[in-house]
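One structure is given below, encoded as structure tokens.
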Amino acid sequence: MVLNKCSDMPLSFLKQQEKPTLPPWKIAIIDDEEDVHSVTKMALKRFTLDDRGLEFHDAYSAEEGKELLASQPDIALVFLDVVMETDDAGLTLAKWLRQDADNHFTRIVLRTGQPGQAPEEQVIVDYDINDYKEKTELDRKKLFTTTFTALRAYRDIIHVEEARRYQELYRSGLERVIDSTTRVLEKRTLKEFFSGILQQVVSLLRINDQSMLIQLKGLSAVYSENDYEVLAAINEDSPSNIDENIQYYLNKAIEAKHSIFEDDVLVGYFPSHSGKISLLYLKGITKLNDIDIKLLEIFSGNVSLAFDNLLLNREIIETQEELIYRLGDAVESRSKEAGNHIRRMSEVSYMLAKEIGMPEEEAELLKQAAPMHDIGKIATPDAILLKPGKLTEEEWETMKAHPSVGYDILHGSNRPILSSAAIISQQHHEKYDGSGYPDGKKGEDIHIFARIVAVADVFDALTHKRCYKEAWPIDKVTEFLEEAAGTHLDPIVVKALLNNADKAVKINQMYRDTSGEDEENS
């Protein structure tokens with residue numbers, strides 16, 4: 001089965017398969033006379049309704065009949081004898097089927113060789129029997145007519161019931177689509193977005209059993225310029241790698257330019273106006289019914305729109321980040337040897353924020369705002385900023401003004417990044433014990449963003465060469481941080497850095513100073 005794209009929708013799921021061959025109608029013959037079974041089968045052996053023949057099931061007592069009907073509730077018609085192991089065995093079985101088994105779909109034709117024992121009118125009313133025949137009157141023609149009438153009634157009842165269930169499931173499914181779409185639209189980053197898609201599709205397809213989730217193999221990917229970037233996965237040990245089997249299905253969807261459902265694999269194809277394509281890969285889907293297909297169609301249209309909006313939003317954010325980095329670079333370049341200082345600061349700050357449990361959205365905001373922490377140095381004279389020796393008292397006072405200058409430049413904006421950057425710029429030289437500047441703030445009165453940036457700033461300054469010092473070896477940096485915890489720096493943030501020093505060193509290695517004189521000793 002293939003899920004194809006419609007001309008009037010961004011994505012539509014249509015089944016394209018040969019019309020399935022329907023199974024035969026199931027007929028149960030419950031009678032203690034072997035000849036009745038044989039004659040009934042002989043008379044109806046060529047019977048068909050809607051191109052469907054008959055499949056016979058035999059039982060020779062009411063007890064056997066009960067077991068048969070309990071195990072196969074989709075039996076369409078029962079030819080039921082009244083007198084078997086007891087005089088009312090058939091009537092008791094009919095009562096059980098309607099009341100205890102709660103089966104009101106299967107048609108019951110009661111056959112008796114002793115009509116006076118169970119009056120026809122009373123039996124039909126009291127036992128919900130659909131027809132009542134004497135065995136002597138059921139010749140081949142009447143048996144055929146009775147069977148045709150009963151099966152047609154069963155078919156119509158089932159159609160009505162399926163329509164009712166379809167409406168209930170569709171209404172329930174629409175509610176799930178609305179809820180799922182809302183949850184996906186709440187995601188702010190591509191990683192969250194794709195994780196949301198995976199979770200909501202699993203929910204939408206009602207794959208809620210824990211064992212099914214363990215078996216389910218899924219990932220989301222972005223395809224652009226013949227390359228894949230995996231952003232989220234379910235039960236993937238190495239989500240960054242796409243094996244040949246997965247790539248086969250992803251490539252097939254991309255070449256076809258529509259979603260596919262093949263074998264037990266579903267690949268959702270979500271193109272965007274930007275030219276990028278989001279792909280949803282799910283393995284372990286045993287089947288998709290009509291309702292699933294319609295709900296996925298609605299959901300996928302909403303997801304495509306959300307994906308476009310998210311890519312546009314990311315483009316704006318990336319442009320904003322680049323402007324911030326360039327502005328930071330313009331300030332830092334005056335120090336000449338600073339190089340990638342603000343990029344390392346940004347990444348280390350983000351890492352520390354995540355390690356101490358900060359929500360993703362806040363950690364991202366810190367990462368974006370951190371590069372502007374020293375923006376106030378734009379007003380610091382070169383003679384002071386680049387002086388290799390110790391500053392005079394007057395020069396030190398001028399240097400200490402840069403946090404306030406930075407705050408004056410950035411504050412007053414309603415934009416979260418600029419607002420956060422203003423706080424960081426103003427407070428990142430405050431000390432945990434209250435001995436810092438410009439306002440002598442202490443402990444948690446210092447904003448957590450500034451406390452994190454202070455630790456990241458000190459780590460970067462110590463591990464890199466500056467005009468006034470050489471790079472320190474990592475063991476000496478660690479020793480200094482341990483001593484500064486609780487006095488100069490927030491002890492919790494310091495602990496997070498010491499526990500993840502390897503990650504910080506890797507960030508140093510990723511963003512080496514561009515001057516070629518990066519001499520951090522890691």
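For the atom pair E55 CD and D74 CG, the distance stands at 8.5 Å (nearest 0.5 Å).
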Review point. Taking it one step at a time, do I157 and R107 satisfy side-chain contact (heavy atoms from CB on, under 4.5 Å)?
Key: CA-CA 10 Å; I157 290 171; R107 303 294 86 192; 3.6 Å; yes
Practice item. Under the salt bridge (charged side-chain N to carboxylate O under 4.0 Å, His left out) rule, what do R152 and D50 come out as? Steps first, then yes or no, please. Key: CA-CA 9 Å; R152 186 167 57 183; D50 298 338; over 6 Å; no
Practice item. Carefully, step by step, assess N103 and T106 under the rule side chain to side chain donor-acceptor pair (under 3.5 Å). Key: CA-CA 7 Å; N103 182 339; T106 299; 3.0 Å; yes
Please tabulate, for the side chains in residues 495-504, all donor-acceptor contacts under 3.5 angstrom to protein atoms that are two or more places apart in sequence or on a different chain.
residue, atom, partner, partner atom, Å
N499, ND2, K495, O, 3.3
N500, OD1, K503, NZ, 3.4
N500, ND2, A496, O, 2.7
K503, NZ, E355, OE2, 2.8

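You'll find the side chain of L77 stays beyond 4.5 Å of the side chain of W25, heavy atoms only. With a 4.5 Å cut-off on side-chain heavy atoms, F56 and I29 count as touching. Put simply, the side chain of I108 does not reach to within 4.5 Å of the side chain of F79, judged on heavy atoms. Contact annotation: the side chain of L418 never approaches that of H411 to less than 4.5 Å [non-hydrogen atoms, C-beta and beyond]. Using a 4.5 Å cut-off on side-chain heavy atoms (C-beta onward), L68 and I75 make contact. You'll find the side chain of L151 reaches within 4.5 Å of the side chain of I27, heavy atoms only. Residues K367 and E347 have side chains in contact (heavy-atom distance under 4.5 Å, counting atoms from C-beta outward).
Under the side-chain contact (heavy atoms from CB on, under 4.5 Å) criterion, H104 pairs with R98, D102, D128, sequence neighbours left out. With sequence neighbours excluded, the residues forming a side-chain hydrogen bond (donor to acceptor under 3.5 Å, both in side chains) with K354 are E360, listed by chain and number. The side-chain contact (heavy atoms from CB on, under 4.5 Å) test applied to A454 returns L489, not counting sequence neighbours. Scored by the side-chain contact (heavy atoms from CB on, under 4.5 Å) test, Q247 finds Y228, I242, N251 as partners (sequence neighbours excluded). Residues passing the ring-ring contact (aromatic ring centres under 6.0 Å, His included) test with F144, sequence neighbours excluded: F47.
Smallest separation of non-hydrogen atoms from I356 and I452: CD1-CD1, 3.8 Å. Between P371 and S346, the shortest heavy-atom contact is CG-CB, 4.1 Å. Taking every heavy atom of both residues into account, A363 and Y350 meet most closely at O-CD1, 3.5 Å. Minimum interatomic distance between Q72 and K26 (heavy atoms only, all atoms of both residues): OE1-NZ, 2.7 Å. Closest approach of Y249 and I260 over heavy atoms only: O-CD1, 3.6 Å. For the pair A253 and V267, the tightest heavy-atom approach, listed with the atom from each and the gap, is CB-CG1, 3.6 Å.
The closest donor-acceptor contact from the side chain of N130 to the backbone of V109 lies at 3.5 Å or more, if one exists at all.
Using a 3.5 Å distance cut-off with no hydrogens or angles, the side chains of R451 and H428 do not pair a donor with an acceptor.
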